[in-house]
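Notes to accompany the following structure.
The analysis underlying the following values was restricted to heavy atoms, covering all of them including side chains, and did not include hydrogens, waters or symmetry mates. The chains referred to below are lettered A, B, ... by the order of the sequence lines, with proteins before strands, and numbering in each begins at 1.
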Amino acid sequence: MKIATWNINSVRLRQGLVLDWLAREQPDVLMLQEIKCETHLFPTEVFEQAGYGSAVVGQKSYNGVATLVRGDFEVTTELLPGFTDPAARYVELRTQGLALGNLYLPNGNSGAEQGYATKLEFLAALTARAQSFLDQDTDFVLAGDYNICPTPEDCAPGALGPDDALVRPQSRAAWRRLCWLGLTDALRALHPTGAAYTFWDYQAGAWPRDNGLRIDHMLLSPRVAERLQTARPDRDERGMERPSDHVPLIVTLDSSAPTPA
DNA sequence: ATGTCTGAAGCATTCAGA
């Protein structure tokens, strides 16, 4: 089973890139963030013709998430339980025996102290969601744009100041609280050290200088982690014509793992 | 070198957010 997450930075502007990527990579699931359109303006039919159904939670201008799925699925929630802000930042569905949460965390650098507090509130609600899945013995994946560099290795030297919301100690502590429920960071489980960036700013020549960040992540529940085969950012996408500032993170799971009784 | 990009409001050019 092949699952990917990609902050697309306007799905309408880049639907051609997404279609080409789907045709090439043939994932079972693609979780998109920053679709930047209202739900009814999402190009549902275009992806349907490519063989993918979609679960879309959009809004005007900003944010917005959508999960593309090949095969049957059931949407379980379009809001992160416990997170009261109405922004379109979460969609969750079930397919192939897995709960798949697609998330777009608040960046936290705008909106002053309240803006940053909202980021921590989202993380607390996400942690509670993960705990609830564990309590129910549900296999799950939580993937998307976390807007957090978990360790210094996940941020190119000098790319961000020490007070940036992506690297603040409180952000990293909240990330660890989530992981330490017993979740596996798919990329780091297979590639424990070294740069594995998923984002390069459009500004200041970040891409040619490789001043990247690892801020897109896929967390796996324990039984799903047992099935982990590969994880990699698809760096080639950043070199395309008019690319998103993020690239897809691709994870493959062994599909022949035993199913729970 | 805060050096780019997107969508909105509204019709040229700013503005916010990332």
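Of all non-hydrogen atoms in A:Thr198 and A:Asp216, the two that sit nearest each other are OG1-OD2, 2.6 Å. Listed here is the closest heavy atom pair of A:Ala186 and A:Leu220: CB-CD1, 4.0 Å.
Taking the P atom of each, B:dC15 and B:dA1 are spaced 23 Å apart, rounded to whole Å. Look at the P atom in both B:dT2 and B:dT13: the space between them is 26 Å, to the nearest Å. The P atoms of B:dG10 and B:dT6 are separated by 22 Å, rounded to the nearest whole Å.
Checked against A:Val251 for a side chain to side chain contact (heavy atoms under 4.5 Å, CB included), the options A:Gln229, A:Met218, A:Met1 give a single hit: A:Met218.
Among residues two or more places apart in sequence or in another chain, the salt bridge (charged side-chain N to carboxylate O under 4.0 Å, His left out) test is passed with A:Arg129 by A:Glu92.
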Discussion item. Evaluate A:Arg70 against A:Asp28 for salt bridge (charged side-chain N to carboxylate O under 4.0 Å, His left out), listing each step before the verdict.
Written reply: CA-CA 5 Å; A:Arg70 208 159 52 178; A:Asp28 296 284; 3.7 Å; yes
Practice prompt. List the protein contact pattern of nucleotides 6-18 of chain B with one symbol per nucleotide (5' to 3'): B for base contact, S for sugar-phosphate-only contact, - for none; contact means a heavy-atom distance under 4.0 Å.
Written response: SSSS------B-S
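A:Leu166 has its side chain within reach of A:Lys119: a pair of non-hydrogen atoms, C-beta onward, lies under 4.5 Å apart.
B:dT2 atom P lies 15 Å from atom CG of A:Asp164, rounded to whole Å.
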